[in-house]
Every structure is written in C-alpha cells, then in structure tokens.
Amino acid sequence: MNERKYPIGIQTFSEMIRKKYVYVDKTDLVWGMANSAKFVFLSRPRRFGKSLLSSTLHSYFAGEKELFEGLK
C-alpha cells in the first residue's frame with residue numbers, strides 16, 4: 001500500500017520534499033515571481049502558507065537544485 005504522508009506542522013520546503021510529504025507543486029509560480037517581478041507584496045491571511053513560500057524561495061535562491069527535480 002502506498003501511504004501518503006500529510007505535512008501537519010511542517011513549514012519548510014526542504015523537509016517536505018526530502019521526506020516525501022504531499023506537496024501541491026506551485027514552483028512554476030515561484031520561478032515566475034523570482035524572474036519577472038520587480039517588487040512583490042505578499043498579503044496572505046494567517047495559516048495560508050507564507051512560511052512555506054519563504055522557505056521555497058530560500059531553497060530556490062540558495063541553489064538547492066536537487067529539491068526541485070521532478071517539480072514544475
């Protein structure tokens with residue numbers, strides 16, 4: 001049986017990818033934001049993924065390419 005782990009309380013992109021948690025892939029949006037926007041204002045409600053987004057951006061700019069293999 002292929003059990004999927006849900007990331008309850010996990011807020012770091014690298015941990016979600018390395019431990020194979022369920023992840024909704026929005027890395028194409030991260031790439032677009034990083035490569036086309038001059039300024040970005042992130043206004044999101046509480047518990048809406050701000051920490052995960054900032055962790056994803058950190059991994060992207062740190063050059064952790066292995067984390068993005070197989071993603072958009």
Side-chain angles (χ1 to χ4, degrees):
M1 178 183 246
N2 186 10
E3 292 186 27
R4 307 280 314 248
K5 298 185 290 184
Y6 292 99
I8 308 295
I10 308 298
Q11 297 178 353
T12 58
F13 175 73
S14 59
E15 185 176 358
M16 286 182 70
I17 298 301
R18 287 188 177 118
K19 294 185 178 179
K20 301 188 186 321
Y21 283 99
V22 173
Y23 174 70
V24 176
D25 187 9
K26 295 183 180 178
T27 52
D28 58 334
L29 300 174
V30 169
W31 183 89
M33 183 174 61
N35 288 290
S36 65
K38 187 171 181 179
F39 296 101
V40 177
F41 175 68
L42 300 173
S43 175
R44 299 176 91 171
R46 289 182 59 211
R47 309 291 305 152
F48 208 76
K50 292 180 297 288
S51 296
L52 179 59
L53 176 61
S54 64
S55 175
T56 304
L57 287 168
H58 178 269
S59 295
Y60 178 80
F61 287 113
E64 298 174 338
K65 295 179 183 180
E66 70 280 357
L67 296 176
F68 294 92
E69 290 178 12
L71 300 177
K72 292 180 185 176

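By convention here, the first residue in the shown sequence is residue 1. Source: prediction; values computed, not measured.
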Quiz item: Is Tyr21 atom OH crowded by more than 12 heavy atoms from other residues, nucleotides or ligands, each under 6.0 Å away?
Solution: yes
Quiz prompt | Contact summary for Ile17 and Leu67, nearest pair of heavy atoms | solution = CG2-O, 3.5 Å
Quiz item: Are Tyr6 and Tyr23 near enough that their ring centres are under 6.0 Å apart?
Solution: no
Exercise. Would you check if Thr56 and Phe68 make a side-chain contact, meaning some heavy-atom pair closer than 4.5 Å?
Key: yes
Self-check item: Check ion pair Glu66-Arg18 (N to O, under 4.0 angstrom)
Solution: yes
Exercise. Give the intermediate values and the outcome of side-chain contact (heavy atoms from CB on, under 4.5 Å) for residues Lys26 and Met33.
Key: CA-CA 11 Å; Lys26 295 183 180 178; Met33 183 174 61; over 6 Å; no
Quiz prompt | From CA spacing to verdict: side-chain contact (heavy atoms from CB on, under 4.5 Å), Thr12, Leu52 | solution = CA-CA 6 Å; Thr12 58; Leu52 179 59; over 6 Å; no
Quiz item: If every non-hydrogen atom of Met16 is compared with every non-hydrogen atom of Pro7, which pair is closest and at what distance?
Solution: CE-CG, 3.6 Å
Self-check item: From NE2 (His58) to OG (Ser51), nearest 0.5 Å
Solution: 13.5 Å
Practice problem: Just jot down the side chain to side chain donor-acceptor pair (under 3.5 Å) partners of Thr27, sequence neighbours excluded, or say none. | Solution: Asp25
Quiz item: How close do Phe13 and Ser55 get, heavy atom to heavy atom, and via which atoms?
Solution: N-OG, 2.8 Å
Practice problem: Would you please test Trp31 and Ser36 for side-chain contact (heavy atoms from CB on, under 4.5 Å) and show each step? | Solution: CA-CA 8 Å; Trp31 183 89; Ser36 65; over 6 Å; no
